[in-house]
Undergrad: 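Below: one structure in structure tokens.
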2 protein chains.
Amino acid sequence: MTTIHDVAEAAGVSISTVSYALSGKRPVSEKTRRRIEDTVRSLGYEPDAGARMLAGRRTHIFALTEPLRADTHAPTHMAFVLATTVAARRRGYDILLLTDEQASEGMNRVAASNLVDAILVLDVAPDDARADIARALRSPTVFIGIPDDAEGLTCVDLDFEATGHLAIDRLADAGHTAAVLLGQTEVSYVKSNFPRRLLRGVQAQATLRGVALEWATTGVTTTDVSAVRTAVGTALDRGIRAFVVHAVGDVHEALLAVVAERELTVGTDVSVISAAASFDTTTLPVPVDTIPLVPQQSCELAIDLAVQRLEDPHAPARIHLIPPEYLSAGSVAPARE
Amino acid sequence: MTTIHDVAEAAGVSISTVSYALSGKRPVSEKTRRRIEDTVRSLGYEPDAGARMLAGRRTHIFALTEPLRADTHAPTHMAFVLATTVAARRRGYDILLLTDEQASEGMNRVAASNLVDAILVLDVAPDDARADIARALRSPTVFIGIPDDAEGLTCVDLDFEATGHLAIDRLADAGHTAAVLLGQTEVSYVKSNFPRRLLRGVQAQATLRGVALEWATTGVTTTDVSAVRTAVGTALDRGIRAFVVHAVGDVHEALLAVVAERELTVGTDVSVISAAASFDTTTLPVPVDTIPLVPQQSCELAIDLAVQRLEDPHAPARIHLIPPEYLSAGSVAPARE
DNA sequence: TTGAAAGCGGTACCAG
DNA sequence: CTGGTACCGCTTTCAA
């Protein structure tokens, strides 16, 4: 194993100069710096992680806690984990996984042992136990999602309420006076934090704009496509022509299929808006207006905040809501009287 | 922050005694050990990770590399990550994630910096670039899955070929002379390592047992349920009554639905075997014989192997195949002539 | 612009 | 059974 001493010797300088040349924390003359860098490359030197942690009091590791509940939507979750990992790496951090029981216990353990510089929280539940843990910890902690009691916590998320407002506004602007919110599974409104926020936003704005709203869940614990088809069919029968969909891809497809079977056309006869979709809605059989949920946005911001709090531990904790963005695809039609 | 010195002082012993009392690497009298443990608890002492790494030349961290290709089946993948994390934790190890480009580059980086004690490889491709990297590395590396060139590598996986044999044997034993393998998506036979192994096993045994085999993929890049329905319908039309399914839950459901629509009964008119399913087939609408793929088995074995190689770096590398297990549910019917 | 040296908090060897 | 202490490899202060 090659150490900083080997590099120093080979380059004919002291180890402190090597250290500074590599960290840039002290000016080093151009020529010696280049000589050192060459030596590092030719020797294949990589600083020892343990030594760096011990001496530098920085581990360059973030913990990512994810309970992975049974109702967690795997593809969406994977997208968040991936986005977090990539964003972290970009800032020079690795990700240490805390799953299952370790999601909570592990937070204390890795914080107490100084294994990580900060903690990122995924899969946030309304009454998440990790909120209290985070408040008691000295390690910076950033929630991606918002628990009911977010007092004193740093949180990041799409503004789901504003997303709900925006969707209803577009439908109301088009003259619709009735709409259906095709939502998530029933348990997710209890176990997760965001479906209810979207629901609240939709409901509030519907009331404000005079839109008669109906809320249909898409299964109890798991997506039930036939239930979706029934719900959509019933709504269409009753003359409702506007849908806000906050659900997985299958639900979108089921909705579009039922519409097509009735020989109705999205964008002409029927209006559809996909709200907070974390998958690529452009691959749907029909173009659909979308207010996307972009994991990269939340995760990059979360990483930035973690790094910030590391540099300035006194930065005040607050909730960071990402404003929704409306992507038009022509799927909202003027209401017919 | 409380250190080992604080503990030693508070307990009235030397730091070496504290260290040994906690590691158990040297006998410590019952009474002093208890006194130390009490002190540790009351002070909330947790050894510093960096210091432990540096002095102990062990990080207690395993890397988990997962490229997360677009065709990766998220729920199955999550199950493997979870199983790995839990198994690792049980042996005292944390998991560091290497995704995306870091899946390959990261291996060299974390090995060179002594960030991890071993590396676990997930999402193995037939021509996986990580095979060569692993061969060049000093860090113990365990593949969960088998690349084409596994020379010199430690690999763990379900014995997919034997799984194929077993499925065909059961059908042949029941008198079937024709069967359909309802497989994965087309790309997975190119990008992944295990679908082709199952396929080979099924094909070989079908030839051996005189079973006319047809192989149907279930979409190109993504599962196409309507294609599955068509394939099943065609097979039934042609009198085929035996199906081996190596696919996600949706495909099973589509198959069972088509069978039901024709007023045929699984276990009487039609035989179905689910091969290497990583989801819970008992929740299917009809009981189905299953040769399960249990992530826990592979992952626990992988962790054990990693730990073993840590203790004995000279243990020879080899492929560990987990024998398939057949779970009867009465879905295989005797063939009718 | 550079070097020397004091830690960082453990582990494990050498004594007793 | 227990204590003293030499490192582990790097960061950073102090001096030059």
Side-chain angles (χ1 to χ4, degrees), chain A residues 1-37 39-40 43-61 92 109-117 310-311, chain B residues 1-37 39-40 43-61 92 109-117 310-311:
Chain A
M1 226 208 54
T2 130
T3 75
I4 197 172
H5 286 93
D6 304 331
V7 177
E9 190 169 13
V13 294
S14 71
I15 64 164
S16 52
T17 302
V18 175
S19 179
Y20 285 120
L22 261 36
S23 71
K25 293 190 181 176
R26 192 167 83 173
V28 171
S29 81
E30 184 59 21
K31 53 224 77 172
T32 58
R33 214 206 55 222
R34 279 250 293 290
R35 191 147 35 84
I36 289 173
E37 282 170 356
T39 317
V40 164
L43 262 55
Y45 168 71
E46 191 80 25
D48 180 87
R52 218 156 63 120
M53 289 185 198
L54 181 55
R57 316 129 156 290
R58 272 272 186 299
T59 70
H60 301 276
I61 299 177
R109 183 173 56 82
V110 300
S113 62
N114 299 315
L115 219 197
V116 305
D117 292 333
L310 233 37
E311 289 163 356
Chain B
M1 226 210 51
T2 129
T3 76
I4 198 172
H5 287 93
D6 304 331
V7 176
E9 190 169 14
V13 294
S14 71
I15 65 163
S16 52
T17 300
V18 175
S19 180
Y20 285 121
L22 290 166
S23 71
K25 293 190 181 178
R26 190 168 84 171
V28 171
S29 81
E30 183 59 21
K31 55 226 72 170
T32 58
R33 215 207 52 223
R34 279 250 293 290
R35 191 145 38 82
I36 289 173
E37 281 169 357
T39 318
V40 164
L43 263 55
Y45 167 71
E46 192 80 24
D48 180 86
R52 220 156 61 120
M53 289 186 198
L54 181 55
R57 313 108 172 298
R58 272 271 184 301
T59 70
H60 301 276
I61 299 177
R109 183 172 56 82
V110 300
S113 63
N114 300 314
L115 218 196
V116 305
D117 292 333
L310 235 35
E311 289 163 355

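Labels below follow one simple rule: chain letters A, B, ... track the order of the sequence lines, proteins then strands, and each chain is numbered from 1. Every value quoted in this text rests on a predicted model; they were computed, and no experiment measured them.
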Undergrad: When the distance from NZ of Lys31(A) to P of dT1(C) is rounded to whole Å, what number comes out?
TA: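 Rounded to whole Å, this separation is 10 Å.
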Undergrad: Would you indicate whether the side-chain heavy atoms of Ile61(A) and Leu115(B) approach each other to under 4.5 Å?
TA: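 Leu115(B) reaches Ile61(A) side chain to side chain.
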Undergrad: Could you name each residue pair satisfying salt bridge (charged side-chain N to carboxylate O under 4.0 Å, His left out) that touches residues 6-26 of chain A, not counting sequence neighbours?
TA: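 Residue pairs passing salt bridge (charged side-chain N to carboxylate O under 4.0 Å, His left out), neighbours aside: none found.
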Undergrad: Measure the spacing between CG of Asp117(A) and CG of Leu310(A) and express it to the nearest 0.5 Å.
TA: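 So the CG of Asp117(A) and the CG of Leu310(A) are separated by 5.0 Å.
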Undergrad: Quick one: closest heavy-atom pair of Gly92(B) and His60(B), and the distance?
TA: O-CB, 3.7 Å
Undergrad: Can you name the atoms? Protein N/O to nucleotides 9-13 of chain C N/O, anything below 3.5 Å, with the distance.
TA:
unit_1  : atom_1 : unit_2   : atom_2 : d
dG10(C) : OP1    : Tyr45(B) : OH     : 3.2
dG10(C) : OP1    : Asp48(B) : N      : 3.3
dG10(C) : OP2    : Ile4(B)  : N      : 2.7
dG10(C) : O5'    : Tyr45(B) : OH     : 2.9
dT11(C) : OP2    : Ser19(B) : OG     : 2.6
dA12(C) : OP2    : Lys25(B) : NZ     : 3.2
dA12(C) : N9     : Tyr20(B) : OH     : 3.3
dA12(C) : N7     : Tyr20(B) : OH     : 3.2
dC13(C) : N4     : Tyr20(B) : OH     : 3.0

Undergrad: Identify whether the distance between the nearest side-chain nitrogen and carboxylate oxygen of Arg34(B) and Glu37(B) falls below 4.0 Å.
TA: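 Here Arg34(B) does not pair with Glu37(B) in a salt bridge, since their nearest N and O are not under 4.0 Å apart.
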Undergrad: Identify all side-chain donor-acceptor contacts of residues 10-19 of chain A below 3.5 Å with residues at least two apart in sequence or on another chain.
TA:
unit_1   : atom_1 : unit_2   : atom_2 : d
Ser14(A) : OG     : Ser16(A) : OG     : 2.9
Ser14(A) : OG     : Thr17(A) : N      : 3.4
Ser14(A) : OG     : Thr17(A) : OG1    : 3.2

Undergrad: Donor-acceptor pairs are to be reported for all side-chain atoms of residues 48-55 of chain B against protein atoms at under 3.5 Å, with residues two or more places apart or in another chain.
TA:
unit_1   : atom_1 : unit_2    : atom_2 : d
Asp48(B) : OD1    : Asn114(A) : ND2    : 3.0
Asp48(B) : OD2    : Gly50(B)  : N      : 3.0
Asp48(B) : OD2    : Ala51(B)  : N      : 2.8

Undergrad: Which nucleotide span of DNA chain D, 5' end to 3' end, has atoms closer than 4.0 Å to non-hydrogen atoms of chain A?
TA: dG9(D) to dC14(D)
Undergrad: Going by side-chain contact (heavy atoms from CB on, under 4.5 Å), name the residues that satisfy it together with Arg57(B), two or more places apart in sequence or in a different chain.
TA: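 Applying side-chain contact (heavy atoms from CB on, under 4.5 Å) to Arg57(B) gives none.
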